[in-house]
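Okay, structure first, notes after.
Values in this document were obtained by computation on a predicted structure and should not be read as measured data.
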Amino acid sequence: MAAMIKIFSLALVARICLMVYGAWQDANMDVKYTDVDYHVFSDAAQFVSQGKSPYQRATYRYTPLLAWALTPNVWLSPFFGKLVFIIFDILVGQAIYSLVKHSGHSWQTARNCALVWLVNPLSATVSSRGNAESIMAFLVLMSLSSLVRGRTMLSAMFYGLAIHFKIYPIIYALPIYLHLGHESSHLKNNSSVLLTSKPWNTWHSLLNSLLPNRQRFLFTSVSVAVLGMLSGFFYWMYGWTFLYETYLYHVVRGDIKHNFSPYFYLLYLTSDPIAGAPLCLRLLVFIPQALLLVVVAAAFYRDQPLTWFLCTFVFVMANKVCTSQYFLWYLSLLPIILPYLKLSMVQAGSLLTLWFGTQALWLLPAYYLEFKGHNTFIHIWLAGLLFFAANAFIVYYTVKHYIRKTR
Amino acid sequence: MYFLRHLLVSLQLSIVQTLLPGSNLHMDRSLIGQGFHRDLNTYIVLDKDLRGLYTSPECSLLLIETLPAGVYADPFQLSSMVPFGGPKIRLDGAVNIEAAEFMSKSHELYIFVNVNLYAVDTMTEQTVINISFPIHARYHKPSSDPNVSHSTVTIFHPSLYSNCSKSDAGSFLSAPCDVSSNLLCRWEQLSYICSAAPLELMIPVGMARDKPIVILVTLLVTATICSLLIKFIWESDSQTCKKHS
């Protein structure tokens, strides 16, 4: 553990150095280091410290908890929030370490998995630039980690809090529900039971497998209570704006600006309120995403870490809006399934190259559109489709090379 | 269309010139950058004899800039630039920085200029006031004309006012006294000479003629890939069970 403390400290110092460097870059260069969202948080914190609503800051679409937590940004130091995000970033590393270790791996394996997160330049820059994703990653990992340890109530509390922060963890509801219905909810207990039959072999057993039980009731009521209390409290404080900005916006969001989603150009071309397309076409794009989520949950729910990773991955790849920020949602879950991925260095390298390469193919026409004013919509659209195909291949390859032996 | 615009500009110019023979207030305008993110530059040049009129402490100039629905200035970006010497700008209302052009309205920027902050050029004895701030283009409606791949956004020249001189154009306006005050002041309009044409941005737009093919191919590709993936996951389920044993 002493070795781990050393690693965590080093990771912390490295991120603080990045933060200090960022302050220099912000003051001296045209391209700013600090994330645009960080200014949004800081402005919202300013509003709440004056007793106003954080939603007075346009594009603040987060829980008021975040604005409240960052009020020291106003009276202490503008770096306070970044430090909070950095600390959560390190806690994510700790959560990965303990989850992998709990699954029965050696501490060296657990350390390596934590290192995948801690020395990852992506996670280090994201938190030191002042993006709040590390809090989200922490909440999701804590919920998952408590769940696989059988601490249903704690897991439900983290789960409710996570959905309150960002609505996307709602996609884990089905796998969690299926998991909690299983007789032996822990892989290590009695794996032979898993093999005897598929629970949906007959309609009867399907129905049976979906009936509420004590664990399911506990998880549902606790998470709904946490989410409901927080939402009720903030609704009482800030009214409808809170509900709209925090939850509804993310569902009804009609952002037509170019993004990684394969549906981007379709949605843009049909966005015109007069000559656009019928609503049903725009709803059609939800179907593949929903089907993928259900199938992944049904197929893999016995292995919660794998299911959470795959659910997040397919959700992001088939979403109607997809930005690079969303990639962090599954990248924080990747380290916990790595010990079961039997890939050679070449295979792993090829997958990484495929993922980055197809992104680069998208970034190039996007740069020409945004900064050079060239009409590259067709290229961006084709690159988006290619990225979608590459992501599907990554899912296929991951599942194919995922081997989990029970002990 | 193009001809008409040029006619208008030259007409505007000649009016200014007839009103003000030998005026010594000049303006120049330019847009820096390409694509969706630009810097809007305005230069106001005061001749030596004119500077003295606007350098008393309570005196300031006001530029009213009208940004059409196709572009916007981000109020929070503008205020974050003030500590680094950015211009003092007040907006006439909230700006939705995410909406598309066809869902937006034009908005006005009140730019307050303190002439004292600008030095006199020792060579020309002129005072050059440079006001620069970033603007961003909004997404536009897809083009229904297959030959038109860009939408044009035109930004006309701002109107210029002063709170400490007699109007030479004979009109005045009630507008906020400064960037944060709720009080209204009387602003006299000033005429100026500007030889630049109104600024134009060319914004790439989606092509409506692509719509059928984009809908068809997008749905076909995503549906096929999803079906293959779903089939694979469904079948690998039994294998994963075996792996668990």
Side-chain angles (χ1 to χ4, degrees), chain A residues 27 39-40 43 57-59 187 191-192 194-195 198 255-257 262-263 265-266 268-273 275 277 281 284-285 288-289 291-292 295-296 298-300 302-303 310 314 318 368-378 381 385 388-389 392 395-396 399-400 402-406, chain B residues 33-38 74-77 79-80 84 94-98 100 102-103 137-139 141-144 149-150 201-208 210-211 213-215 217-219 221-223 225-245:
Chain A
H39 299 297
V40 178
D43 292 337
R57 173 58 165 98
T59 72
L187 282 170
S191 357
S192 59
L194 301 178
L195 310 174
K198 283 185 182 179
D255 202 344
I256 54 169
K257 286 181 198 147
Y263 304 114
Y265 198 28
L266 181 151
Y268 170 36
L269 288 177
T270 57
S271 63
D272 186 344
L281 179 73
L284 215 59
V285 307
Q289 191 183 31
L291 282 177
L292 277 169
V295 170
V296 166
F300 302 122
R302 296 176 194 84
D303 186 338
L310 287 179
V314 297
Y368 274 101
L369 176 82
E370 205 172 333
F371 294 97
K372 296 286 171 198
H374 296 193
N375 193 321
T376 55
F377 284 112
I378 283 278
W381 167 62
L385 284 179
F388 180 79
V395 172
Y396 159 80
V399 171
K400 210 170 167 58
Y402 184 91
I403 294 161
R404 184 160 196 167
K405 291 200 174 73
T406 45
Chain B
Q34 298 145 306
F36 282 74
H37 311 285
R38 314 280 186 105
D74 178 350
F76 289 95
Q77 187 184 20
S79 61
S80 75
F84 300 96
V95 180
N96 184 341
I97 62 170
E98 288 158 328
F102 49 88
M103 306 289 276
R138 296 183 187 278
Y139 256 58
K141 205 177 275 189
S143 156
S144 42
S149 63
H150 290 72
L201 291 83
M202 302 288 280
I203 305 304
V205 286
M207 307 299 284
D210 295 341
K211 199 153 105 180
I213 188 88
V214 165
I215 292 177
V217 173
T218 305
L219 293 183
V221 168
T222 51
I225 291 177
C226 280
S227 322
L228 287 173
L229 199 57
I230 285 170
K231 183 169 175 284
F232 166 73
I233 291 172
W234 193 257
E235 284 166 356
S236 75
D237 169 54
S238 51
Q239 289 167 19
T240 321
C241 279
K242 275 178 211 122
K243 285 176 192 173
H244 279 300
S245 58

Handout entry: Phe76(B), CZ atom: more than 12 neighbouring heavy atoms under 6.0 Å
Key =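 Atom CZ in Phe76(B) is crowded, with more than 12 foreign heavy atoms closer than 6.0 Å.
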
Practice task
Return the option, out of Leu369(A), Ile378(A), Val395(A), Leu291(A), with the maximum number of heavy-atom pairs under 4.5 Å with chain B.
Solution key: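 Heavy-atom pairs under 4.5 Å are most numerous for Leu369(A).
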
Practice task
Under 4.5 Å, counting heavy-atom pairs only, tell me which of His374(A), Arg57(A), Gln289(A), Lys372(A) racks up the most with chain B.
Solution key: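 The candidate making the most pairs under 4.5 Å is Arg57(A).
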
Would you mind telling me which of [options] has the largest number of heavy-atom pairs within less than 4.5 Å of chain A?
options	answer
Leu228(B), Val217(B), Asn96(B)	Val217(B)
Val221(B), Asp210(B), Val95(B)	Asp210(B)
Ala100(B), Cys226(B), Ser227(B), Ser144(B)	Cys226(B)
Phe36(B), Tyr139(B), Phe84(B)	Tyr139(B)

Handout entry: Any side-chain heavy-atom pair of Val205(B) and Tyr268(A) under 4.5 Å
Key =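 Of all side-chain heavy-atom pairs linking Tyr268(A) with Val205(B), at least one is under 4.5 Å.
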
Practice task
Return yes if some donor-acceptor pair links the side-chain N/O of Thr218(B) with the main-chain N/O of Ile215(B) below 3.5 Å, else return no.
Solution key: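 Here the side-chain-to-backbone pair does not exist.
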
Practice task
Ignoring hydrogens and angles, tell me if any N or O in the side chain of Asn375(A) forms a donor-acceptor pair with the backbone of Pro204(B) under 3.5 Å.
Solution key: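 Judged by distance alone, no pair lies under 3.5 Å.
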
Exercise for the section: Against chain A, label Ile213(B) side chain, backbone, both or neither, depending on which of its atoms sit under 4.5 Å from a heavy atom there. Expected result: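 Just its backbone gets close to chain A.
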
Exercise for the section: Examine whether an atom of Ile203(B) lies under 4.5 Å from a heavy atom of chain A, and if so say whether it belongs to the side chain, the backbone or both; otherwise answer neither. Expected result: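 Neither part.
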
Practice task
Could you check whether the rings of Tyr265(A) and Phe377(A) sit parallel, tilted or perpendicular, using 30° and 60° as the cut-offs?
Solution key: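 Parallel, since the angle between the ring planes stays under 30°.
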
Practice task
Please round to the nearest 0.5 Å and tell me the distance separating atom CD1 of Ile256(A) and atom CE of Met103(B).
Solution key: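 Atom-to-atom, Ile256(A):CD1 and Met103(B):CE are 9.0 Å apart.
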
